[in-house]
Chemist: 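Shown below is the structure under consideration.
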2 protein chains.
Amino acid sequence: MKTKDRIVAAALLLFNEQGESNVTTNHIAAHLGISPGNLYYHFRNKNDIIGRIFLQYADHLRKSFTPVTGPANASSSVWFHYLDAVFYVMWEFRFFYANLNDILHRDPELHRQYLLVQQELAENLQALLRELNAQQVLVIPDEEIAPLSEILRMVVSFWVSYQSAQSLTPHISQAVLYQGVARVLLLLKPYFHPEKGLELATLSAHYQALAAQPSDPFHK
Amino acid sequence: MKTKDRIVAAALLLFNEQGESNVTTNHIAAHLGISPGNLYYHFRNKNDIIGRIFLQYADHLRKSFTPVTGPANASSSVWFHYLDAVFYVMWEFRFFYANLNDILHRDPELHRQYLLVQQELAENLQALLRELNAQQVLVIPDEEIAPLSEILRMVVSFWVSYQSAQSLTPHISQAVLYQGVARVLLLLKPYFHPEKGLELATLSAHYQALAAQPSDPFHK
DNA sequence: GTCTATATGTAGATAGAC
DNA sequence: GTCTATCTACATATAGAC
């Protein structure tokens, strides 16, 4: 593995474990057993490293939330796919969500990219909701699609921050993120087609069980 | 006005206008035309100043969200009271919401107070929802009262942050905060008693109009 | 109570040798 | 590519005079 990639991987690890603002470029270098000067040979600055991580983040969002049309969406497995992807992105990039505004406002170029990705995501999410409406899985009034999709994105984007504010220790467990996933389902609950109550119950039970579980220290 | 109070007032003003992290103790002193040393005569440190502002915040929350029982809640004016209070707290202390985790995690004592206030607020909000249930204004399943109240608090607490992330300029307008109030109503919409549709429509129209309005530069 | 001057601490970043 | 040494910049906080 190239030094450059090792730096990105170490940065992501340390940022997630200790919080982005508590991890300096010196810490990253020390963790890898290289010098600060070497780190600055590979990256212009700390934002440059974060920018690399952001590309992974954007990539994941694009791959996981590209909407698929057709009856596939009527199946329950599609829900697991999307909700697991929500969990994954919250977990894998929790440092980013925990510090979103700091990170964005100190780097206008990154902020621009973020807004583009969010715009795409908003469109994909609305398309998905419309598709689920068409499949009679959900029943959402047309004019509520946009604001509802915005609230869903908002809850996912700030669930990590919210949970961090709720606890004296900054540590974020997988369980509290699954709680966030369960809340997303709760937000959609009033809009589920009456005949899909059983499916919703199954989904809810699944994520609520994960939310109740003590955090797995051997997560990948 | 005592110097100590002038410092608190200036700090709140500058924090809200420029963001807490962009305003140093030196800036506050300069704004008042006093020396940094003088500021530190009145306050032990910056957190100490923020702690004073927090007392105003907590006071407002306690006064505005103490639940009233009885048929008063069936009236539509009670909605305006609570929703206006939501707007006021978001606006008046927007610097705090914009930087919540930074501020809390750098001052454990403040964080403890925050959690106490939030706990109270959560209880008051749940009592209020139960009361509105009893008055047949809302129809919320018992087991959803707690999670719904949590989502409402979460959306209010992070609406400022969310809006800040959505814009390249950190400036927060009154209109976007009224949008947040409108979203709170949207979250409650599925739970409104079918016969209260007209009342909901009136409320929504009111806050959506304020949300659409260009920001008033002469706000009090 | 208020001032001037200065100390402390630290993160981010660079220069130049190897 | 990597190292050591160092610099800059700045916010927080303090000392001691008035």
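No experiment lies behind these values; they were computed from the predicted model shown. Per chain, numbering begins at 1; letters A, B, ... match sequence-line order.
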Chemist: Show me the protein contacts with nucleotides 2-5 of chain C, counting only N or O atoms at under 3.5 Å.
Modeler:
residue	atom	partner	partner atom	Å
C:dT2	OP1	B:T3	OG1	3.2
C:dT2	OP2	B:T3	OG1	3.0
C:dT2	OP2	B:N38	OD1	3.4
C:dT2	OP2	B:H42	NE2	2.9
C:dT2	O5'	B:N38	ND2	2.9
C:dC3	OP2	B:S35	N	2.6
C:dC3	OP2	B:S35	OG	3.0
C:dC3	OP2	B:N38	ND2	3.2

Chemist: Using nucleotides 8-12 of chain D, report all nitrogen or oxygen pairs with the protein that are shorter than 3.5 Å.
Modeler:
residue	atom	partner	partner atom	Å
D:dT12	OP2	B:T25	N	3.2

Chemist: Rounded to the nearest 0.5 Å, how far apart are CD1 of A:I172 and OG of A:S167?
Modeler: 7.0 Å

Chemist: Considering residues at least two apart in sequence or located in another chain, which fulfil the side-chain hydrogen bond (donor to acceptor under 3.5 Å, both in side chains) criterion with B:T3?
Modeler: none

Chemist: CZ of A:F43 versus C1' of C:dT14: gap in Å, rounded?
Modeler: 18 Å

Chemist: Any pair with a residue in residues 10-45 of chain B that passes ring pair (Phe, Tyr, Trp, His ring centres under 6.0 Å), sequence neighbours left out, goes on the list, sorted by first then second residue, please.
Modeler: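 Matches after skipping sequence neighbours: B:F15-B:F95.
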
Chemist: With a 3.5 Å cut-off and no angle check, do the side chains of B:Y97 and B:Y57 form a donor-acceptor pair?
Modeler: yes

Chemist: Can you classify the ring geometry of B:F80 versus B:H206 as parallel (below 30°), tilted (30 to 60°) or perpendicular (above 60°)?
Modeler: perpendicular

Chemist: Going by side chain to side chain donor-acceptor pair (under 3.5 Å), name the pairs with one or both residues in residues 179-191 of chain A, residues two or more places apart or in two chains.
Modeler: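 Pairs touching residues 179-191 of chain A that pass the test: A:E144-A:Y191, A:R183-B:E150, A:K189-B:E144.
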
Chemist: Sorted by first residue and then second, give each salt bridge (Lys or Arg N to Asp or Glu O under 4.0 Å) pair with at least one member in residues 29-51 of chain A; sequence neighbours left out.
Modeler: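 Pairs touching residues 29-51 of chain A that pass the test: A:E20-A:K46.
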
Chemist: When the ring planes of B:F87 and B:W91 are compared, do they come out parallel, tilted or perpendicular, using 30° and 60° as the limits?
Modeler: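 The rings of B:F87 and B:W91 lie parallel, inter-plane angle below 30°.
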
